[in-house]
Structure formats: C-alpha cells, structure tokens
Amino acid sequence: MSHRSAKDFFRPLAVGAPAPAPEVPARPSRAIHFFDPSNAKMAAKVPAMVGTVDVLLGNLEDAVKADNKLAAREGLVRIAQDTPTLGGPDSPTQLWTRINALDSPWALDDLLTLVPAIGDRLDVVMVPKVQGAEDIHYVDRLLAQLEAKAGLTRPILVHAILETARGVANVEEICGASPRMQGLSLGPADLAADRRMKTTRVGGGHPGYLVRQDPVGGNVTGERSIFQQDLWHYTIARMVDACATHGIYPYYGPFGDIADVVACEDQFRNAFLLGCVGTWSLHPQQIAIANRVFSPSVEDVAHARRVVAAMGDGTGAVMLDGKMEDDASLKQCLVMVELAEQLAAIDPDLKALYDAIPADGSETGQEA
Ligand SMILES: CC(C)(COP(=O)(O)OP(=O)(O)OC[C@H]1O[C@@H](n2cnc3c(N)ncnc32)[C@H](O)[C@@H]1OP(=O)(O)O)[C@@H](O)C(=O)NCCC(=O)NCCSC(=O)C[C@](C)(O)C(=O)O
Ligand SMILES: [Mg+2]
C-alpha cells in the first residue's frame, strides 16, 4: 500500500484548497445533538439551541425517510443560512452534518450541495459506515476540490462512524487516513447487525451478557450474584487507542432508550472514564446528561488541582491523603485540569463552579 510522504500529508489535495490543519482544534463537543432538518418541529427548535449545546448535527442519513432526503439536505442549508450564529470558528455551537453512506444515491449530492452553500460554517462532516482508509481518501479529495471551488479558507473536518466489522478491523488506518480526521463515533446498531451480534437495541447493555459469581460451597442452584457486562467495552477501548495514537477524538454514540436516563448516563460515563470526549444526543433531554457526564466534577477538578499544587516541578513522589502521587498521576490530573479550563472558557455555569475551587484545590474533599 502506498502512503503519502510526511510533507505531502499537509499539502492541500486540490489547487486553491485551504491547507490542512496540523492539529484538531480542541473545541468542546460533549453532546453532538442530532436533528432531522426535514422535520419542521425539530428544525424550529434549532436556532434557540445555539449556545446551549456544543454541537448541532443536521442528520441526512438513517432516521431520515428516503422520501425526505432532499428536504433534509435543503432544510439544513436553510437552517444554517437563517441562523448566522450557528457554526464556524466563532460560534459557541459547532455545525456538523451526517451525510448519507458513500454507496447511497445521495452522498455525492449531499457534499455538492452543502459545501458551496454553507461550507464556511460547516465544521465537521460525519461519514457513516466507514470501512477503511479508502473511504476517507475519497471524501478528503472531494472536499478539497469543493473547498477550492467555493473559495473556502478553512478546511472542513471529517468524523467517521465505526459501524462495520471491517471498519473496526481498520480503525487505526481510518484515524490516520487524513489530517482532516477529527474523530470517531461508535455506531452500535449497524455494527451489531454487521457483526451478527444478537442484540436488538441502539447502544446500551443486554441483561444476558453477564458474569455470574462462582457457586457457593459447590451449590450450583443456590443464590449467586450476577454482574452485567458492557457489550461495547472492547470496541470503545480500541477506538480510544486508535484516536489517541492519531491525535483525534473518540465519542460514544447513540443511546436509543430515550426514557432510560439512568442507564444512558451510566453508558456515557463508562465512555468518559475510558477516554471519550463526548457522545451523541438524540433527544433534547439527553443533552443535559451528556454535558454533566463529559464535564469533570468539581471534586475531580479540586483533587486534580491539589495534586498539581503538591507536585511542585512535577517530578518525584509525594503522599497525599495516604496515597502516592508521582509524575504519572500528575499527568492524569493535568488531563482533568486542562479539560476543565477548556470547558470553563465556553460554559459560564461550569466556570463559576470551577472558579469557586481554590487554585491549590485545598479545603475540598477527596477524589469523587
Ligand atoms: C427519538 C425521537 C423519534 C423521539 O421523538 P418524539 O417526537 O416522539 O419525542 P418527544 O419527547 O415527544 O419530543 C418532544 C419535543 O422535542 C422535539 N424533539 C424530539 N427530538 C428532537 C431532537 N433530536 N432535536 C430537536 N427537537 C427534538 C419534538 O419534536 C417535540 O417537539 P414539540 O414539543 O414541539 O412537539 C426523536 O427524538 C428523534 O427522531 N431523534 C433523532 C433520532 C436520530 O437522529 N437517529 C439517528 C441517529 S442514531 C443512528 O443512526 C444509529 C447509528 C449510529 O447509525 C448506528 O448505531 O448504526
Ligand atoms: Mg448506523
């Protein structure tokens, strides 16, 4: 397989296209909120959501009826044009879209329409059912041609949904396929079908996927604890490693049981703890869950600041509350402190909470 040279990697793929950015801009994206631009009721809610959610995503793919594909595409253009505060580098809320699958009758026209019309405001294009680097290369070149033609000065980024077994097998090459790559999301429904998993849900657990306590005293019919396991742990962990390797961001994905806000929060929190930066929201009530879970708690930030203060120049080992802290635990705490700073810069409520913590984390309790 041939690869572009290191220097070519950061040259535009079309004459006149903007140069690729060396780093993915670190913009908060705790909730990627999906809406169907062909649904008048949902579309009407979008302008008022600017500033209340990190990402608004106009969905053109699955969950939009085949008969509504054109209306969704045109609706997204109209919404962006009528809502000048949405999207682009200065907006508090990024504008993303999920285009149709590359083998569908709609994907080409999705990009041919959106880039000239609203390309200056479109931050990220999410590509579904990505199988390998070849899918990213196709979108990469096409976007460069369209950006050049439209005279855009800022490259549109690309986000891949991992929802086929082949996509998971190729996850590293997908992440490294282009400097446009912004991140990855899990597509648990399509992925489960493609893998022939025996689940019928959109994300979340399954009561049959469990580990059972050993029989007590050899009594196999006696009372035993069971522990439900996370079906998505393996895939999320692979995504996190692939994304961290390539300097891009991993996200959970959809949680389809809208009413089960408790299990939704658990699933999101597992992803947060494993290294994901955000998740999807399908219904307005999931935005608050995502914002809560993907923002470090006051206790975590206070503890992290205490460790940073106690570690001085960051080397050596100290005892804090009976626990050893060293260079490596300091690095974990810096991940937390830096995330808190990024979020405080865009979220006044969080800023107030974090600002109330003393700089050295003192007078606050233990790690959450
Ligand atoms: C679940 C549904 C059907 C419940 O819709 P509903 O109307 O029954 O809900 P509701 O509770 O009655 O809604 C209350 C109000 O909120 C509005 N509303 C409701 N949702 C939204 C929204 N998202 N954005 C903005 N507004 C929304 C709704 O229109 C209503 O407005 P109203 O008070 O004026 O009557 C609906 O929320 C919905 O369609 N959500 C988006 C679904 C979606 O985008 N699915 C695709 C992503 S998941 C996926 O594709 C899988 C994946 C990754 O590919 C793979 O795993 O393979
Ligand atoms: Mg899907």
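Along the sequence shown, residues carry numbers from 1. Both counts, for ligands and for their atoms, begin at 1 and track the order of listing.
Residue-environment remark: CZ (Arg166) exceeds the threshold of 12 foreign heavy atoms within 6.0 Å.
Distances between N or O atoms of Lys41 and those of ligand 1 include at least one value under 3.5 Å. Residue-to-ligand polar distances place His33 within reach of ligand 1: an N/O pair is separated by less than 3.5 Å. Taking only nitrogen or oxygen atoms, main chain and side chain alike, Val202 does not reach within less than 3.5 Å of ligand 1. In terms of polar-atom proximity, Ile161 is not counted as a contact of ligand 1, lacking any N or O under 3.5 Å from an N or O of the ligand.
Ring orientation note: the planes of His159 and Trp96 are tilted relative to one another, at an angle of 30° to 60°. The aromatic rings of Phe294 and Phe272 sit perpendicular to each other, their planes meeting at more than 60°, with 30° as the lower class boundary.
The heavy atom nearest to atom 47 (C) of ligand 1, considering only Ile287, Asp194, Leu282, is found in Leu282. Nearest to atom 50 (O) of ligand 1 by heavy atom, out of Glu163, His283, Arg98, Met49, is Arg98. When Glu61, Met42, Lys45, Gln286 are checked for heavy-atom proximity to atom 38 (C) of ligand 1, Met42 turns out nearest.
The distance from ligand 1 to the heavy atoms of Asn59 drops below 4.0 Å at these ligand atoms: 44 (O), 46 (C). Proximity to Asp190 (heavy-atom distance under 4.0 Å) selects the following atoms of ligand 1: 54 (O), 55 (C), 56 (O), 57 (O). Residue-ligand proximity, Ala63 to ligand 1, at heavy-atom distances under 4.0 Å covers atoms 43 (C), 45 (N), 46 (C).
Within the 4.0 angstrom cut-off, atom 57 (O) of ligand 1 has one or more protein heavy-atom neighbours. Note that atom 6 (P) of ligand 1 has no protein non-hydrogen atoms nearby, at separations under 4.0 angstrom. Checking atom 25 (C) of ligand 1 against the protein gives a heavy-atom contact under 4.0 Å. There is a protein heavy atom closer than 4.0 angstrom to atom 20 (N) of ligand 1. Closer than 4.0 Å to atom 12 (O) of ligand 1 lies none of the heavy atoms of the protein. Protein heavy atoms are absent from the space less than 4.0 angstrom from atom 2 (C) of ligand 1. Closer than 4.0 Å to atom 32 (P) of ligand 1 lies at least one heavy atom of the protein.
The nearest N/O/S atom of Asp190 to the Mg ion (ligand 2) is OD2. Glu163 contributes OE1 as its N, O or S atom closest to the Mg ion (ligand 2).
Follow the hydrophobic side-chain contacts under 4.5 Å out from Tyr354 and you never reach Ile346; the two are in separate clusters.
Scanning the protein for heavy atoms near atom 18 (N) of ligand 1, the closest one is Pro284 CD, 3.9 Å.
The proximity of Pro254 to ligand 1, defined as any non-hydrogen pair under 4.0 Å, is limited to the side chain.
Side-chain atoms of Arg73 do not come within 3.5 Å of backbone N or O of Leu114 as any donor-acceptor pair.
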